[in-house]
Amino acid sequence: MKVSFWLLDLNYEVQNGQPEIWLWGLDENGRRLLIIDRNFQSYFYAVPKEGFTLERVAEQIRKTPQVSSLEVVDRRYFGKKLKAIKVFCKNPDEIPRCAKNLKKLEGVKECFEDDVRYSMRYLIDNGVVPCGWHEIEVQEAAGKTNVRVDEVYIAKSFPRYVEHAVTPPLKTLGFSIICYSPKGMPKPERNPVVVISVATNGGEEKQFVAENGDDEPVLKAFVDYVRLFDPDIIIGYGNNRQDLPYLRRRCEVHGIRLGIDRQGGEPHTSVYGHVSITGRANIDLADYADEFPEVKVKTLENLADYLGVMKLSERTLIEDIDFAEYWENPEKRKLLLKFSMENTRSIMGIADATLDFAMQLSSLVGLPLDHVGTAAVGFRVEWFLIKQAHKIGELVPKRRERPYLPYAGAIVLPPKPGIHDRIAVLDFKAMYPNIMVAYNLSPDTYVPPGEPLPPSGVWEAPEVGHRFRKEPPGFYKEVLTHLIRVRDEIRSKLKDLPPESVEYRVLDARQKAVKIITNASYGYAGWIGARWYIKPVAEAATAWGRSIISNAVKIAERLGITVIYGDTDSLFVKHEPEKIEKLSREIGEKIGLEIKPDKVYTRILFTEAKKRYCGLLQNGKLDIVGLEVVRGDWAPIAKKAQEKILEIVLKEKSPRKAVEYLHQVIREIRDRKIPYRDLVIWKSLTRPLDEYAVRAAHVEAAKLLKREGWEVSIGDKIGYVITAGEGKLYERAKPHVLAGYDEVDTEYYVQKQIIPVASRILEMLGVKREELLPPKAREKRKLTDFFGA
DNA sequence: GCCTGATTTCTACCA
DNA sequence: ACTGGTAGAAATCAGGCG
C-alpha cells in the first residue's frame with residue numbers, strides 16, 4: 001500500500017549487523033507513523049592511485065572483511081572526472097574502520113564520504129527532505145508495539161519527495177524548569193528540580209511543583225505528562241545545553257528513567273550538541289536567537305519582549321541568583337511559580353515566530369529539524385552543498401586542517417563628516433553571490449598559476465590575478481543560480497498571497513532561509529574549515545567587489561554625482577533622481593551588475609568614523625548604524641541619551657536643545673534617578689577566564705560570580721556595574737546581581753559613558769567639550785558640598 | 001618611580 | 001566558530017625624566 005508522510009525525525013538502528021532506517025512522521029490525517037526501511041545499503045568511496053588498474057584495486061578491496069560488495073562508478077572531484085570505487089558495507093557503523101583499512105592498501109589513494117552518517121546518507125541519496133512530504137510503498141509491520149505511534153510500516157520502496165507547502169497538525173509541548181540551590185549554581189548531583197512548567201499548543205498549561213523539595217514525583221509526573229500528550233515537537237530555551245542534561249542527570253540520581261521519546265528511550269546528546277529525543281523533534285529556541293541581532297542580551301525575557309510575545313513591563317522577573325530566596329519564602333514562592341509559567345508561555349510565543357523558519361531551513365539544507373538549529377552557519381551551508389554535490393556526482397572533499405592565510409576584503413570609503421540633506425543609498429543587491437555567478441568563481445573552475453588555459457578562456461580577477469574557467473558553469477555558480485532563482489520565484493508567489501495566510505508565512509520563512517544560505521556562500525568559500533575551501537575563490541570575489549565599487553564611484557563622479565560614503569556594496573550619494581537613473585543604467589551596462597536605490601535619507605549625520613552614521617528616513621524614523629545606540633556593550637542610559645541627542649539634532653536641528661537634554665540626563669544620573677538596570681553594562685566572555693591576556697572589567701566581574709558558586713562559560717554575557725572607589729576600572733566592576741545601587745560610581749557613567757557618546761555627536765556640530773557638563777548651580781553645589789556628596 | 005604616548009587586547013559592529 | 005574592515009575603550013608597554 002502507499003502512504004504519504006511528513007518527515008519529523010529519523011534515526012537508524014543496527015539489528016544483528018543489519019541496518020534499518022527509522023522514519024518518524026505524520027500522514028495527512030495527522031496519524032503518527034514509523035516507517036522502517038531495511039533496503040538501503042551504506043557505502044563510501046575509494047579512489048585508486050595512478051598506475052594501479054581499477055580491477056586490481058577492486059580485487060584488493062573486495063578481500064577487506066567489512067566490505068559486502070563494490071561497484072566502479074564515474075564521479076568528479078573538484079570538477080575533474082575520475083573513476084571511483086563505491087564500497088558497500090553491510091554495517092554502517094563499520095564504515096570508518098573499513099575506510100581506515102582501505103587507506104592502508106597500496107593501490108588506494110584516498111577514501112571519500114566515509115564521514116557521512118548513515119542517516120544523512122539515506123536522506124541525500126534518496127532525495128528525502130526533513131519537514132517535507134513524501135510518498136512511499138509500505139506494508140504493515142508485525143509486532144513493534146513498544147513504539148508510541150499509530151502505525152508501524154515496513155518500507156517496500158524508497159520515499160519519493162512531493163512538493164507540498166503545508167505542515168501537518170503538529171503537537172507542540174514547551175517546558176522550562178526551576179532548580180533549587182541554597183547557594184551557587186544548581187548541580188543535578190545535589191539540587192532538585194523544584195518546578196517544571198509545561199504548556200501545549202492545545203492551550204493547556206501545567207506546573208509540577210516539588211513538595212518539601214522532593215523532586216522525584218515532579219520528574220515522574222513530567223515524564224507521564226509528556227508520554228500522555230505525546231508531542232511531536234518539544235521546545236525550550238536552553239534545553240540542549242541545560243534543561244535536558246539536568247533532567248536526565250537528576251533522573252539518574254533517583255534511579256528513574258527520563259523516558260520521554262517515542263521508543264521508550266531517554267534524550268541523548270548527539271551531533272553539533274543537540275539533544276535528540278527519538279521520534280520527536282527537540283528544539284532549543286536559544287539556537288535561533290542569532291536570527292534576532294537587535295536583541296543584544298539574549299535572555300528569554302528579552303527575546304519575548306522584542307517579539308511582542310510578552311512585554312518586559314508586564315513580566316515577573318527574577319534573577320537566577322535569587323531563586324533560592326523566592327523558593328524558601330512561601331509568599332515569594334508564588335511569584336517564582338508565576339515567573340516559571342511565564343517562561344514557558346514566552347517559549348510558546350517565541351516558537352510561533354521561529355518554527356516556520358526552522359522547518360524551512362531544515363528542509364532547505366537537509367539537516368533534520370532537531371540538528372539544524374545547533375549546526376553553525378558554515379555547516380548549514382555545507383550540508384546544502386553536499387546535497388547538491390550528490391546530484392551532480394561531485395565527491396565531497398574531506399575536511400582537513402589548513403593554515404590560516406589572511407586576504408584582502410572590501411573597501412570602505414571615508415565619509416564626508418557633518419550633516420547632509422537628501423542622501424540616497426544605492427546598493428548592489430547580493431553583490432558577492434552575483435560576482436561568483438558572473439565570473440564563475442568556484443572551487444572546480446579555478447585555474448591555478450602555471451596551468452594551461454582552457455579553450456573556453458578564463459576570467460581574471462583584478463589585483464590578485466586569480467583565473468577561473470568561463471565554461472562550463474562551476475559548482476558554486478550552479479548552486480547560487482538555483483538559489484537566486486528559487487528566491488525570486490518565492491517572492492513573486494508571495495505578492496499574490498494575503499500576508500496573514502498560512503501559506504504566506506511558510507513561503508516567507510522559506511525565502512528567508514534561502515536568502516541566508518545564499519548570503520553565507522561567500523563567507524563559506526573563505527572559511528578555512530570548509531570542505532570546498534579554495535582561498536582564491538574568496539579572494540577573487542572581494543577583489544572584483546573592490547573594483548566594481550571603485551568603478552561605480554568613478555562613473556558617479558563623472559556624472560557629477562557627489563558621493564559622501566560607501567561600504568563594500570553601497571554608495572551614499574546626493575539624491576538627484578535623474579542623475580541616479582543615469583548612473584544605474586551606466587553601471588548596468590559597463591559592469592553588468594544591478595545597482596538600485598535602497599532608501600533615501602532626508603538628513604544624515606556622519607562623524608569622521610567609517611561604519612557609523614545616523615540617518616533620518618522620510619517616514620521620520622531614525623536609522624542608526626554602528627553608533628553606541630546599536631551596540632550591546634554600552635550602558636542603556638548612554639545608548640538612550642545618544643539616541644535622544646541624535647533625534648533632537650536631526651529632527652529639530654538644535655544642538656542647543658540637545659545640550660540641554662544632555663545636562664538633564666547628567667543631573668539625573670548624579671541624583672541616582674536613573675533605573676539601576678539602565679546602568680548595567682553587558683559584555684561577552686570569548687574565552688575561559690584564565691586565558692585572558694589582560695585584566696578587563698567583565699572578566700573580573702565574572703570571576704566574582706564564580707567565587708559565589710556561579711559557573712560562567714564561553715559566550716555568556718556578563719552584566720556588571722562600576723562601583724565607586726580607588727583603582728583600575730576592572731577592580732571596581734561588580735556583577736549587577738551582586739552590587740547595590742548605593743555602590744555605583746555615578747561619575748563613571750557621566751564621564752565614561754554619557755560624555756563620550758554625546759561628544760561624538762555634539763562636538764561634530766561645534767559644541768565645545770566644556771559645554772557638555774551642566775553648569776554648576778551655585779546653591780546646589782554649596783548644599784552638596786555641605787552634605788559631602 | 002612617575003608621566004606620557006604608543007601599542008596591544010578586547011568586544012562588537014558593518015557589509 | 002562563514003569573511004575582512006573598522007571604531008573605540010582600557011590595559012599595558014616603552015621610553016624619557018630625574
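Bear in mind the structure is a predicted one, so any value in this text is a computation, not a measurement. Below, chain A is the first sequence line, B the second, and so on; all start at residue 1.
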Colleague: What nucleic acid atoms does A/G523 come within less than 4.0 Å of, heavy atoms only: base, sugar-phosphate, or nothing?
Modeller: base
Colleague: Would you say C/dG4 has OP1 or OP2 under 4.0 Å from some side-chain N or O of A/Y404?
Modeller: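 Answer yes for this pair, as a side-chain N or O of A/Y404 is under 4.0 Å from OP1 or OP2.
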Colleague: Flag yes if more than 12 heavy atoms outside A/K515 fall under 6.0 Å of its NZ atom; otherwise flag no.
Modeller: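 Open.
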Colleague: Which part of the nucleic acid does A/K717 contact within heavy-atom distance under 4.0 Å: base, sugar-phosphate only, or nothing?
Modeller: sugar-phosphate
Colleague: Should A/K640 and A/E643 count as an ion pair when the cut-off is N to O under 4.0 Å?
Modeller: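 A salt bridge is absent here (no side-chain N lies under 4.0 Å from a carboxylate O).
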Colleague: Would you give me the side-chain donor-acceptor pairs under 3.5 Å for residues 562-569 of chain A, sequence neighbours excluded?
Modeller:
residue : atom : partner : partner atom : Å
A/Y565  : OH   : A/K611  : N            : 2.9
A/D567  : OD1  : A/K611  : NZ           : 3.4
A/D567  : OD2  : A/K611  : NZ           : 2.9

Colleague: Return whichever of A/E731 or A/T568 has its heavy-atom-nearest nucleotide of DNA chain C closer to the 5' end.
Modeller: A/T568
Colleague: I need the CD-P distance between A/Q753 and C/dG8, as an integer number of Å.
Modeller: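 Going from A/Q753 (CD) to C/dG8 (P), I get 14 Å.
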Colleague: State plainly whether the residues A/D745 and A/R732 are in salt-bridge range, i.e. N to O under 4.0 Å.
Modeller: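 Counted as a salt bridge, because a side-chain N and a carboxylate O are separated by less than 4.0 Å.
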Colleague: Please work out which residues in residues 594-616 of chain A have a non-hydrogen atom less than 4.0 Å from an atom of DNA chain B and list them by number.
Modeller: A/K611, A/Y613
Colleague: Look at A/R631 and C/dA9 and indicate whether a side-chain polar atom (N or O) is within less than 4.0 Å of OP1 or OP2.
Modeller: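 For C/dA9, OP1/OP2 do not have a side-chain N/O of A/R631 under 4.0 Å.
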Colleague: Got a sec, which pairs hit salt bridge (Lys or Arg N to Asp or Glu O under 4.0 Å) with one end in residues 748-769 of chain A, sequence neighbours left out?
Modeller: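 Qualifying pairs, neighbours excluded: A/E628-A/R760, A/E763-A/R769.
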Colleague: Strictly under 6.0 Å, is that where the ring centroids of A/Y613 and A/F606 end up?
Modeller: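 Yes, they do, as the ring centres are separated by less than 6.0 Å.
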Colleague: Would you mind classifying the nucleic acid contact of A/K728 as base, sugar-phosphate or nothing, using non-hydrogen atoms under 4.0 angstrom?
Modeller: base
Colleague: May I have the distance from A/D633 (atom CG) to C/dA10 (atom P), rounded to whole angstrom?
Modeller: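 About 11 Å, once rounded to whole Å.
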Colleague: For A/P756, answer base if it contacts any base atom (sugar-phosphate contacts may also be present), sugar-phosphate if it contacts only those atoms, and nothing otherwise; contact means non-hydrogen atoms under 4.0 Å.
Modeller: sugar-phosphate
Colleague: Please report, rounded to the nearest Å, how far the C1' atom of C/dG5 is from the CG atom of A/D569.
Modeller: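 Result: 13 Å.
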Colleague: Could you tell me if the ring centre of A/W527 sits under 6.0 Å from that of A/Y404?
Modeller: no
Colleague: If you look at every strand shown and take non-hydrogen atoms under 4.0 Å, does A/Y730 touch a base, only sugar-phosphate, or nothing?
Modeller: sugar-phosphate
Colleague: Rounding to an integer number of Å, can you tell me how far A/Y272 OH sits from C/dC2 C1'?
Modeller: 14 Å
Colleague: Atom CD of A/E539 to atom P of C/dG4: distance rounded to whole Å?
Modeller: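 Those two atoms, CD and P, are 10 Å apart.
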Colleague: Heavy atoms only, 4.0 Å cut-off, all strands: where does A/R546 land among base, sugar-phosphate and nothing?
Modeller: nothing
Colleague: What's A/T686 touching, base or sugar-phosphate or nothing? Going by heavy atoms closer than 4.0 Å.
Modeller: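 If one applies the 4.0 Å heavy-atom cut-off, A/T686 turns out to touch the sugar-phosphate alone, with no base involved.
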Colleague: Go through residues 407-418 of chain A and report each residue with a non-hydrogen atom lying under 4.0 Å from DNA chain C, sorted by number.
Modeller: A/Y407, A/A408, A/G409, A/A410, A/V412
Colleague: Taking the basic N atoms (NZ, or NE/NH1/NH2) and the acidic carboxylate oxygens, is any pair closer than 4.0 Å for A/K639 and A/D678?
Modeller: no
Colleague: Suppose we call two aromatic rings close when their centres sit under 6.0 Å apart. Are A/H736 and A/W682 close by that rule?
Modeller: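 Between A/H736 and A/W682, the centre distance is under 6.0 Å.
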Colleague: For A/V275, does its backbone N or O pair with a side-chain atom of A/T269 as donor and acceptor, under 3.5 Å?
Modeller: no
Colleague: Nearest whole Å is fine: how far is C/dT6 P from A/E628 CD?
Modeller: 18 Å
Colleague: With the threshold set at 4.0 Å, does a side-chain nitrogen-carboxylate oxygen contact exist between A/E700 and A/R695?
Modeller: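 A/R695 and A/E700: salt-bridged.
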Colleague: Heavy atoms under 4.0 Å, any strand shown: does A/Y748 hit a base, just sugar-phosphate, or nothing?
Modeller: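 The answer is sugar-phosphate, as A/Y748 gets under 4.0 Å only of primed atoms, P, OP1 or OP2.
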Colleague: Reading DNA chain B from 5' to 3', where do the contacts with chain A start and stop? Cut-off is 4.0 Å to heavy atoms.
Modeller: B/dT9 to B/dA15
Colleague: Under the ring pair (Phe, Tyr, Trp, His ring centres under 6.0 Å) test against A/W532, which residue among A/F475, A/Y476, A/F384 passes?
Modeller: A/F475
Colleague: List in numerical order all residues of residues 693-700 of chain A for which some heavy atom is under 4.0 Å away from an atom belonging to DNA chain C.
Modeller: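 Here the set is A/V694, A/R695.
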Colleague: Answer with base, sugar-phosphate or nothing: what part of the nucleic acid does A/V381 contact at a heavy-atom distance below 4.0 Å?
Modeller: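 Nothing, no nucleic acid heavy atom in range.
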Colleague: Verify side-chain contact (heavy atoms from CB on, under 4.5 Å) between A/V721 and A/Y749, making sure each step is shown before the conclusion.
Modeller: CA-CA 9 Å; A/V721 294; A/Y749 288 90; 3.5 Å; yes
Colleague: Mind checking if A/W634 touches a base, just sugar-phosphate, or nothing, with heavy atoms under 4.0 Å?
Modeller: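 If one applies the 4.0 Å heavy-atom cut-off, A/W634 turns out to touch the sugar-phosphate alone, with no base involved.
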Colleague: So among A/K391, A/E113, A/H390, which one has a side chain to side chain contact (heavy atoms under 4.5 Å, CB included) with A/I124?
Modeller: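 Going through the options one by one, the only one that passes is A/H390.
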Colleague: Name the residue from A/I484, A/I595, A/D598, A/L593 that meets the side chain to side chain contact (heavy atoms under 4.5 Å, CB included) definition with A/K429.
Modeller: A/D598
Colleague: To the nearest angstrom, how far is A/Y476 atom OH from C/dC2 atom C1'?
Modeller: 11 Å
Colleague: OH of A/Y692 versus C1' of C/dT12: gap in Å, rounded?
Modeller: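 In whole Å, C/dT12 C1' lies 17 Å from A/Y692 OH.
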